[in-house]
Amino acid sequence: MNEMVQEVLSSLNTVLFRHVCFSFLVIGVVFFLAGSQTALLWALGLLWGFIDTYFMFNGIKKGMKMSAEASLKEMQRTLIKRLFFAVALVFVMLKLDFPVLGLFMGFLLSHIFLLINLIIIAGFKRK
């Protein structure tokens, strides 16, 4: 297993804790600036991002214990789960006549923060 991947996986609790703290900060700012309905939509997007991050890390953990071919199939199954969840959530939001912009903004910010978080962890681990 790649050493960097091992260290990031060992930092999973830290990543998820920072993810939750960042989400609460963003929800608070959006609530203050735009109101409760917009903050709720952004909160759903951030929750979607958190669940997607969990799916991703769970797929990586499962794939690291398998052979290369089985690992590839596991990652493909994980991708399909993530896509299915995303499409289902967007369809439900559209069916309920909710705007999906806040949902996508929360999801996008969630993943931007995840990338920053992983860069920070990788930087600390290299020293």
Side-chain angles (χ1 to χ4, degrees):
M1 183 184 320
N2 185 344
E3 184 179 322
M4 184 62 68
V5 173
Q6 254 182 342
E7 290 178 2
V8 169
L9 285 177
S10 69
S11 303
L12 176 62
N13 290 335
T14 304
V15 169
L16 294 178
F17 177 74
R18 288 180 185 169
H19 209 282
V20 169
C21 292
F22 171 75
S23 297
F24 282 129
L25 177 70
V26 169
I27 292 168
V29 169
V30 172
F31 181 79
F32 179 73
L33 295 175
S36 61
Q37 185 176 7
T38 305
L40 179 63
L41 292 172
W42 283 56
L44 285 174
L46 289 164
L47 179 63
W48 173 24
F50 184 81
I51 292 169
D52 190 64
T53 300
Y54 179 76
F55 280 163
M56 181 186 63
F57 276 116
N58 196 28
I60 292 170
K61 275 185 174 179
K62 286 181 184 177
M64 289 298 169
K65 298 174 186 173
M66 302 175 179
S67 67
E69 289 180 18
S71 178
L72 177 62
K73 288 183 181 182
E74 179 61 36
M75 293 307 294
Q76 289 171 343
R77 280 192 298 271
T78 301
L79 176 65
I80 289 171
K81 288 179 198 174
R82 292 170 65 198
L83 286 174
F84 177 76
F85 185 75
V87 169
L89 184 62
V90 170
F91 276 140
V92 167
M93 294 288 289
L94 289 173
K95 189 71 172 172
L96 295 174
D97 290 329
F98 286 126
V100 292
L101 179 63
L103 184 76
F104 285 123
M105 290 302 295
F107 180 76
L108 183 65
L109 279 176
S110 176
H111 279 69
I112 289 171
F113 182 71
L114 174 66
L115 288 173
I116 292 169
N117 204 356
L118 292 175
I119 290 169
I120 290 170
I121 287 173
F124 282 131
K125 298 291 182 179
R126 288 199 178 216
K127 291 180 181 179

For L94, enumerate each residue passing the side-chain contact (heavy atoms from CB on, under 4.5 Å) test, keeping only those at least two apart in sequence or located in another chain. V90, V100
Contacts satisfying salt bridge (charged side-chain N to carboxylate O under 4.0 Å, His left out) that involve residues 24-45 (not counting sequence neighbours) are none
Residue pairs fulfilling salt bridge (charged side-chain N to carboxylate O under 4.0 Å, His left out) with at least one residue in residues 85-95, sequence neighbours excluded: none
Starting from L114, can I reach F24 by hopping between I/L/V/M/F/W/Y residues whose side chains sit under 4.5 Å apart? yes
Test side-chain contact (heavy atoms from CB on, under 4.5 Å) applied to L47 - qualifying residues, sequence neighbours left out: I51
Which Ile, Leu, Val, Met, Phe, Trp or Tyr residues join I27 in one cluster when any pair of side-chain heavy atoms under 4.5 Å counts as a link? F22, V26, V30, W42, L46, L101, M105, L109, F113
Linking I/L/V/M/F/W/Y whenever any side-chain heavy atoms sit under 4.5 Å apart, do V15 and F55 land together? no
Any heavy-atom pair between the side chains of L44 and M93 that's under 4.5 Å? yes
Those residues at least two apart in sequence (or on a different chain) that pass side-chain contact (heavy atoms from CB on, under 4.5 Å) with A86 are W48
Residue set satisfying side chain to side chain donor-acceptor pair (under 3.5 Å) with D52, at least two apart, ordered chain then number -> R82, H111
Would you confirm whether S23, through its side chain, and H19, through its main-chain N or O, come within 3.5 Å as a donor-acceptor pair? yes
Consider only side-chain heavy atoms of I, L, V, M, F, W and Y, link residues closer than 4.5 Å, and tell whether I116 and L25 are in one cluster. no
What residues join L79 in its hydrophobic cluster, counting side-chain heavy atom gaps under 4.5 Å, either direct or through other members? L83
In the hydrophobic cluster built from side-chain contacts under 4.5 Å, what are the other members alongside F91? V87
Point-to-point distance, once rounded to the nearest 0.5 Å, from CZ of F98 to CG of L41: 7.0 Å
Residues clustered with V29, ILVMFWY side-chain links under 4.5 angstrom: F32, L33
With L40, which residues qualify under side-chain contact (heavy atoms from CB on, under 4.5 Å), at least two apart? none
Applying the 4.5 Å side-chain criterion to the ILVMFWY set and letting contacts propagate, would F85 and L96 be lumped into a single cluster? yes
